[in-house]
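Each remark here refers to the structure printed beneath this line.
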Amino acid sequence: MKSKAHLNLGGSRPSNWGAVKGNIDDQVDLIQLLSTKADNDEYIALVQRADELEGELGGKADLVQGTIPESQLPNSLIQLQPQINDLGINKLDKIEYQQHFRGLHDSYAKLIEAIPIGNDGDYAHIKESQNFGRLSAIWSGTPGVWNISGINVGSNTDEVPEGNQNLYFKVERVLVSVINGFNPVNTAIIATDTVVQAISKAQGQIKNIIDNFASNVRSTLLTGLNTSNATKIVAGDTFIQAFGKTQAQLDTIPSPVTWVSIATIGRLAANVVDRDLQFAKINGILWVRGSFTLTGGITANTPFIFITNKNYKIVAFRPNSSTKQLAALQMHTDNFIIRQALYFSDHNVTSDYEAETVSQSIQTGAAGIGVADGVIVIQPMPIGILAI
């Protein structure tokens, strides 16, 4: 080993480097050793490396009495010198470390038998007996003597008896714990909440959902409702689909029949007394029923019931007919005589506009009708297809 200069690692070694010049960052091995607590072998290797560096870099710096003036050392090396000094002074050798816990022994006699002579600071545990829990003993400094320093000691909570105040955390105790301060509130649980606060908030949110469930359901919009599909509801349908199918099926059911009086949709001839003459729209067809009497006779082919409401006029399209006779009706007299009536339109009806302007009526047949016929009854019967 060279003796010109050595790395100062404490003790009587010189405090300066030898002929080293350059950037200390280039010395990878040296820096790696300085970053850890080196053991004795590493210490020797470090000094050897310093000597090798001295030989490799010798003559590159001016030596003053065998050392390099601090003014010629790199700044990084100057900054590193305190760490080098500390490593040499405070280094803990492996041989200096001692394990003072000397284990768990079956009895005091077994401890003396196993370790008759200990070191200052040594301690050991003795297993629990019928009279005592686990004991702790420390080395007394006298061969064959260990002093009992504690009773009922334990290496973990499984071996330490439970007291009256500081109780152990157990599942059973958690399950029966009273949640003091419980106050249900409808707010969101956040990371900084305590367990009681979190439970309170959870209960508050659940209660809010239950309390408002009915109103929320009633106010829910049927977004996406489709009422054009009248097929049967199946198990795979959503509520929206089921509602749509139900409405579509209801829409196909004929609406209840509403019979209206002749006075609502038209008028009668002056010598006709209405008893219960009525008209109805059923599945797009105009129907008539009821009865009437006369105060004077009505000659053949004479109108006596006039339809003036366009919504109750029927389609009339007979381009080659001048009479526009659309339907034949039967009327029954008190004498069980059947009288004929005819439904006429003064021109064709194929649109809303034509239904608005056309004149349609029911007139007598070839025999006419008279006062002697008594109550004349028209049985419910269809007349024709509604224009509107």
Side-chain angles (χ1 to χ4, degrees), residues 1 6-15 29-50 79-180 191-192 194-196:
M1 182 182 299
H6 299 282
L7 184 61
N8 185 356
L9 295 177
S12 60
R13 299 182 182 90
S15 60
D29 295 337
L30 178 59
I31 294 175
Q32 182 177 1
L33 288 174
L34 292 176
S35 66
T36 63
K37 289 290 186 177
D39 60 15
N40 290 342
D41 293 339
E42 293 171 329
Y43 173 85
I44 296 171
L46 180 61
V47 175
Q48 290 176 340
R49 179 57 178 160
Q79 296 171 0
L80 196 57
Q81 184 61 46
Q83 298 180 39
I84 298 173
N85 295 338
D86 182 69
L87 178 61
I89 295 172
N90 299 318
K91 173 180 172 291
L92 176 63
D93 291 333
K94 290 179 180 179
I95 58 175
E96 295 177 359
Y97 177 75
Q98 293 185 15
Q99 169 61 268
H100 288 289
F101 178 65
R102 305 305 296 271
L104 176 63
H105 302 269
D106 292 335
S107 65
Y108 183 81
K110 292 291 184 181
L111 170 60
I112 299 298
E113 179 183 343
I115 311 174
I117 299 175
N119 298 311
D120 291 341
D122 285 356
Y123 69 100
H125 283 179
I126 301 171
K127 289 182 179 181
E128 57 273 9
S129 64
Q130 183 177 0
N131 299 320
F132 298 100
R134 176 175 293 195
L135 304 176
S136 64
I138 60 174
W139 169 244
S140 66
T142 301
V145 179
W146 286 76
N147 294 332
I148 302 301
S149 60
I151 61 175
N152 295 327
V153 299
S155 60
N156 55 57
T157 56
D158 290 337
E159 300 176 356
V160 178
E162 186 178 52
N164 294 323
Q165 298 297 324
N166 298 317
L167 305 179
Y168 289 150
F169 182 91
K170 295 183 178 180
V171 173
E172 294 80 5
R173 288 197 175 119
V174 173
L175 294 177
V176 299
S177 295
V178 178
I179 47 178
N180 294 322
T192 56
T194 64
V195 173
V196 173

Nearest heavy atoms of [X] and [Y], plus distance in Å:
{"X": "Leu167", "Y": "Arg173", "result": "CB-NH1, 3.7 Å"}
{"X": "Ala114", "Y": "His105", "result": "CB-CE1, 4.0 Å"}
{"X": "Tyr108", "Y": "Ile148", "result": "CD1-CD1, 4.0 Å"}
{"X": "Ser140", "Y": "Asn147", "result": "CB-ND2, 3.4 Å"}
{"X": "Asp122", "Y": "Gln99", "result": "OD1-O, 4.2 Å"}
{"X": "Asp106", "Y": "Lys110", "result": "CB-CG, 4.2 Å"}

Where the side chain of Trp146 meets the backbone of Ile115, is there a donor-acceptor pair that is under 3.5 Å apart? yes

Ser149 (side chain) donor-acceptor with Ser136 (main chain) under 3.5 angstrom: yes

Between Phe101 and Tyr123, how do the two ring planes meet: parallel, tilted or perpendicular, split at 30° and 60°? tilted

Would you please test Val174 and Phe169 for side chain to side chain contact (heavy atoms under 4.5 Å, CB included) and show each step? CA-CA 8 Å; Val174 173; Phe169 182 91; 3.4 Å; yes

Please report the interatomic distance CG(Leu135) to CD(Glu128), rounded to the nearest 0.5 Å. 9.0 Å

